[in-house]
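Quick notes on the structure that follows.
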Amino acid sequence: MQLPNWAKILWWSILVGVLTYFLRERLPDLLTGKAAAADIAAFGVWMALLLAPLFNEVTLLGVTLKNQIEELKDHIATQIADVRADVRNAVDVRATVSPTFNLPGPPSDAQLPAIEAQVKAAVAAALAEHGSSTPVSTDFVVSDDVAYLFATRYHIESELRRLASDREIGATIRRVPPTHLLSRSLVESGLLSPRLGNAIREVYSVCSPAIHGEPVTAAQVSFVRDVGPELIAALRSIE
């Protein structure tokens, strides 16, 4: 219970008055050196009470009095609450900030002739710099396995973009949203089940290394051949 200030002053005055009367009665023994232990303790408490209004904490003869314990506790509690709020805000900011990298789209058909001239000039300069006399080849052959993985990924992306385009899903992400964001948006919209969304991510991740020129294994190719056609058929069945 927190006492009002007037009650504290009254109680302090009563204690000081009682101890002053007691010490006045014991004054002869104090002056002659016959004071008892109780007299010394009473004198210490009396002195502490007299000094208490001037200091936040008074320690005299082993007796400690504090005036602002509650104020100090409230201040500490406030500081802790402020620190917790700062930490929570920092976590919220860190959790909500998501950097977005906007990749430029392909140039228009009207821009292609000028870009073609730039590309040919850059290539000719590179060939001349390295002294290459290798004739230009158009033999860009890839293995059947790589072609199959590419075709599977191509059809997965085509179906996802068809579904998103029909329902204007993913338009707020960016001009060409990445497949994993597009799939997640379709799941969040309820068009795809979470299980189907996870299946798309798994098959897509197995197909991707081949597209990036990385080696593929026989197990990866076998996996895509087994589940790829059924996955694409399931996406095509969604209208």
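As the structure is a prediction and not an experimental result, all values here were calculated from the model.
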Could you report the tightest heavy-atom contact between [X] and [Y], atom names first, then the distance?
{"X": "L192", "Y": "L235", "result": "CD2-CD2, 4.2 Å"}
{"X": "R236", "Y": "R162", "result": "CA-NH2, 3.9 Å"}
{"X": "A147", "Y": "V142", "result": "CB-CG2, 4.2 Å"}
{"X": "F223", "Y": "E202", "result": "CE2-O, 4.5 Å"}
{"X": "P215", "Y": "Q220", "result": "O-OE1, 4.3 Å"}
{"X": "T152", "Y": "G228", "result": "CG2-CA, 4.2 Å"}

Heavy-atom count around F150 CZ within 6.0 Å, excluding the residue itself: above 12?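 For F150, atom CZ is not crowded (no more than 12 foreign heavy atoms under 6.0 Å).
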
Please check this pair: side chain of S205 against backbone of R201, looking for a donor-acceptor N/O pair closer than 3.5 Å.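 Answer holds: yes.
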
Under the salt bridge (charged side-chain N to carboxylate O under 4.0 Å, His left out) definition, can you give me all pairs with a residue in residues 205-233, not counting sequence neighbours? D145-R225

Sole residue of V187, L181, L186 in side-chain contact (heavy atoms from CB on, under 4.5 Å) with R184: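 That would be L181; it is the only one of V187, L181, L186 passing the side-chain contact (heavy atoms from CB on, under 4.5 Å) with R184.
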
Single-linkage hydrophobic cluster [X]~[Y], side-chain heavy atoms < 4.5 angstrom:
{"X": "I156", "Y": "I211", "result": "no"}
{"X": "V146", "Y": "V221", "result": "no"}
{"X": "V203", "Y": "Y154", "result": "no"}

Suppose we screen for side-chain hydrogen bond (donor to acceptor under 3.5 Å, both in side chains). Which residues come up paired with S108, at least two apart in sequence or across chains? Q111

List the steps and the verdict of side chain to side chain contact (heavy atoms under 4.5 Å, CB included) for E157 and Y204. CA-CA 9 Å; E157 291 195 26; Y204 190 88; 2.6 Å; yes

